[in-house]
Amino acid sequence: MAATNNTNYDRQSELNAFDDTKEGVKGLVDAGITEVPRIFHEPPDQYSNFDSEATQFSIPLIDLEGLEFDSPTKRNEIVAKVGEASETWGFFQISNHGIPVGVLEEMKDSVRGFFEQDTQVKKQFYNRDPLKPVGYNSNFDLYRAPTTNWRDTFRCHMAPNPAKPEDMPEVFRDILIEYSKQVMKLGKLLFELLSEALGLKPSYLNDIDCSLGLLLGGHYYPSCPQPELTMGASKHADNVFLTVLLQDHIGGLQVLHQNKWIDVPPMPGALVVNIGDLLQASTTFLLLHLLLVLSNDRFKSVEHRVLANRVGPRVSVPCFFTTGTLPLERLYGPIKELISEDNPPKYRETTAREYTGHFIDKGFDGTSALTQFKL
């Protein structure tokens, strides 16, 4: 990756100019740019640790078929697989999850339709206030992150206080509501399986509100003329309890496993599940990071990233189980049942909102948001 000249480079002015268009990365591509602007350039070290021989690793795929028949043997088998994948990878894919393929395809097509609709209509939803129920922008951390990602994002709060239907984009209002209902149902099941994998009663994680809040997102990664210079998403871990991701056929998502970046290949009809920071720490904390806190590091919230690509646009739909924008006073910390003299707590207690606020302020800066909460 070639070094760039710092002469006359005013990053802040370029960020302001980019943000003021309210057209995101797609606006640049529509304008016919052939070179990636400087604000998107990633440091060369962000591309390290890629090993073409790391194909010996593959993300676990867990088939949920049979759970509906109430077979204790089948459920125990699936719980064991979920537990192992959460402890060793922090990422896994699921098939036969109960959400019809037609609903998945309509959701992806509708996200693509939102970003490709008339620009003036789309601009009405442009904002940078994470507390607003509906919005779209490019890079939530645009003014804080060291580099800008090649990605535009839509967001909509769907639970427990969903956005009003009339405030949602008309182009995909109905499927937003339907898909979020299906994901909420699936999320409750996943939290049951995760609870059992920790040796807790099935309702444990649901009882402490891990499935209470749902934020639905839509990522749009336009084709990139110089993908070697930038990233679709810089390396990060999710600041939630759990993420359920729907991705299209293009690919580009990678997870960091044993110091190697491993592809998460698109699989027709499958969904990607990843543990959040809050569940790692408690194994009941926030999405990828919160689950780490709750599990006291038994579950893993792994760093992941998305590569830029000459092929595009790529579309993905992450659903974040988080209460980070709600004024709730519940404290999350390592689950008491998982703590012992030999396994003391590794994180201090915090509210989901405090953790989320820290994550947003920090942005995708390449560091873990969990560090501030370690004991």
Side-chain angles (χ1 to χ4, degrees), residues 62 64-65 67-68 75 78-79 82 86 92-108 110-111 130-131 133-135 153-165 167-169 172-197 201-219 238-247 269-276 278-279 284-288 290-291 294 316-326 328 330 332 352-353 356:
I62 301 174
L64 300 186
E65 187 174 20
L67 275 177
E68 69 274 21
R75 188 178 183 95
I78 292 174
V79 165
V82 167
S86 300
F92 54 92
Q93 300 205 63
I94 53 174
S95 60
N96 292 309
H97 41 67
I99 302 180
V101 171
V103 172
L104 302 179
E105 293 302 313
E106 185 178 353
M107 188 67 242
K108 289 184 290 187
S110 297
V111 168
L131 297 181
V134 178
T153 300
F154 170 84
R155 70 179 188 282
C156 186
H157 292 275
M158 301 305 297
N161 304 311
K164 297 177 181 178
D167 292 336
M168 299 178 186
F172 63 167
R173 180 182 302 153
D174 293 341
I175 190 62
L176 274 181
I177 296 172
E178 174 61 25
Y179 185 66
S180 64
K181 286 180 181 176
Q182 301 252 11
V183 172
M184 284 292 288
K185 180 180 177 181
L186 174 61
K188 290 179 186 296
L189 171 61
L190 289 171
F191 281 119
E192 287 185 4
L193 298 175
L194 288 165
S195 295
E196 292 178 56
K201 64 179 181 179
S203 65
Y204 190 97
L205 292 175
N206 286 314
D207 289 345
I208 61 172
D209 297 337
C210 285
S211 59
L212 176 65
L214 184 69
L215 175 65
L216 186 148
H219 292 318
D238 292 342
N239 67 310
V240 295
F241 293 114
L242 195 72
T243 302
V244 176
L245 176 76
L246 168 64
Q247 60 173 340
L271 292 167
V272 180
V273 178
N274 67 298
I275 304 299
L278 287 181
L279 195 48
T284 293
F285 200 24
L286 258 183
L287 185 32
L288 205 34
L290 288 187
L291 274 183
L294 290 176
S316 69
V317 186
C319 286
F320 304 107
F321 284 91
T322 176
T323 55
T325 60
L326 302 176
L328 303 179
R330 180 188 288 277
Y332 289 100
R353 190 164 193 169
T356 298

- Query: Would you call E106 and F172 a side-chain contact if the rule is heavy atoms closer than 4.5 Å?
  - Reply: no
- Message: Using only atom types and a distance under 3.5 Å, with no angle test, would you say the side chain of S195 pairs donor to acceptor with the backbone of L205?
- Response: yes
- Item | Smallest separation among heavy atoms of L189 and R75, with atom names | CD1-NH1, 4.4 Å
- Task: To the nearest 0.5 angstrom, please state how far the CG atom of N96 sits from the CG atom of L64.
- Result: 7.5 Å
- Item | Pairwise distance CD(E192) to CG(L67) - rounded to 0.5 angstrom | 9.5 Å
- Task: Give a yes or no on whether the backbone of L131 and the side-chain of H157 come within a donor-acceptor separation of less than 3.5 Å.
- Result: no
- Query: Could you state the interatomic distance from CD1 (I175) to CE (M168), rounded to the nearest 0.5 Å?
  - Reply: 12.0 Å
- Should F191 and L242 count as side-chain neighbours, where that means a heavy-atom distance under 4.5 Å? yes
- Roughly how far apart are L214 CG and N161 CG, rounded to 0.5 Å? 12.5 Å
- Item | Heavy-atom side-chain proximity of L271 to L104 below 4.5 angstrom | yes
- Query: Do L246 and V183 have side-chain heavy atoms sitting under 4.5 Å apart?
  - Reply: no
- Query: Would V273 and H97 satisfy side chain to side chain contact (heavy atoms under 4.5 Å, CB included), going step by step from the backbone distance to the final call?
  - Reply: CA-CA 11 Å; V273 178; H97 41 67; over 6 Å; no
- Message: If you compare all heavy atoms of L194 against all heavy atoms of S86, which two are closest, and at what distance to 0.1 Å?
- Response: CD2-OG, 3.4 Å
- Task: In plain terms, say whether E105 and K108 are close enough for a salt bridge, that is, a side-chain N and a carboxylate O under 4.0 Å apart.
- Result: yes
- Item | Pairwise side-chain contact, D174 with S110, heavy-atom cut-off 4.5 Å (strictly under) | no
- Message: Show the nearest heavy-atom pair for residues M184 and A159, with the distance to one decimal.
- Response: CE-CB, 3.9 Å
- Item | Stepwise side chain to side chain contact (heavy atoms under 4.5 Å, CB included) test for Q182 and L186 | CA-CA 6 Å; Q182 301 252 11; L186 174 61; over 6 Å; no
- Message: Looking at every heavy atom in both C210 and F321, which two are closest together, and how far apart are they?
- Response: O-CB, 3.6 Å
- Message: I need the minimum non-hydrogen distance between I78 and E65, along with the two atoms involved.
- Response: CD1-O, 4.2 Å
- Note on the structure: Between S211 and K188, the two heavy atoms sitting closest are OG-NZ, 3.7 Å
- Under the 3.5 angstrom rule, does the side chain of H219 hit a backbone N or O of Q247 as a donor-acceptor pair? no
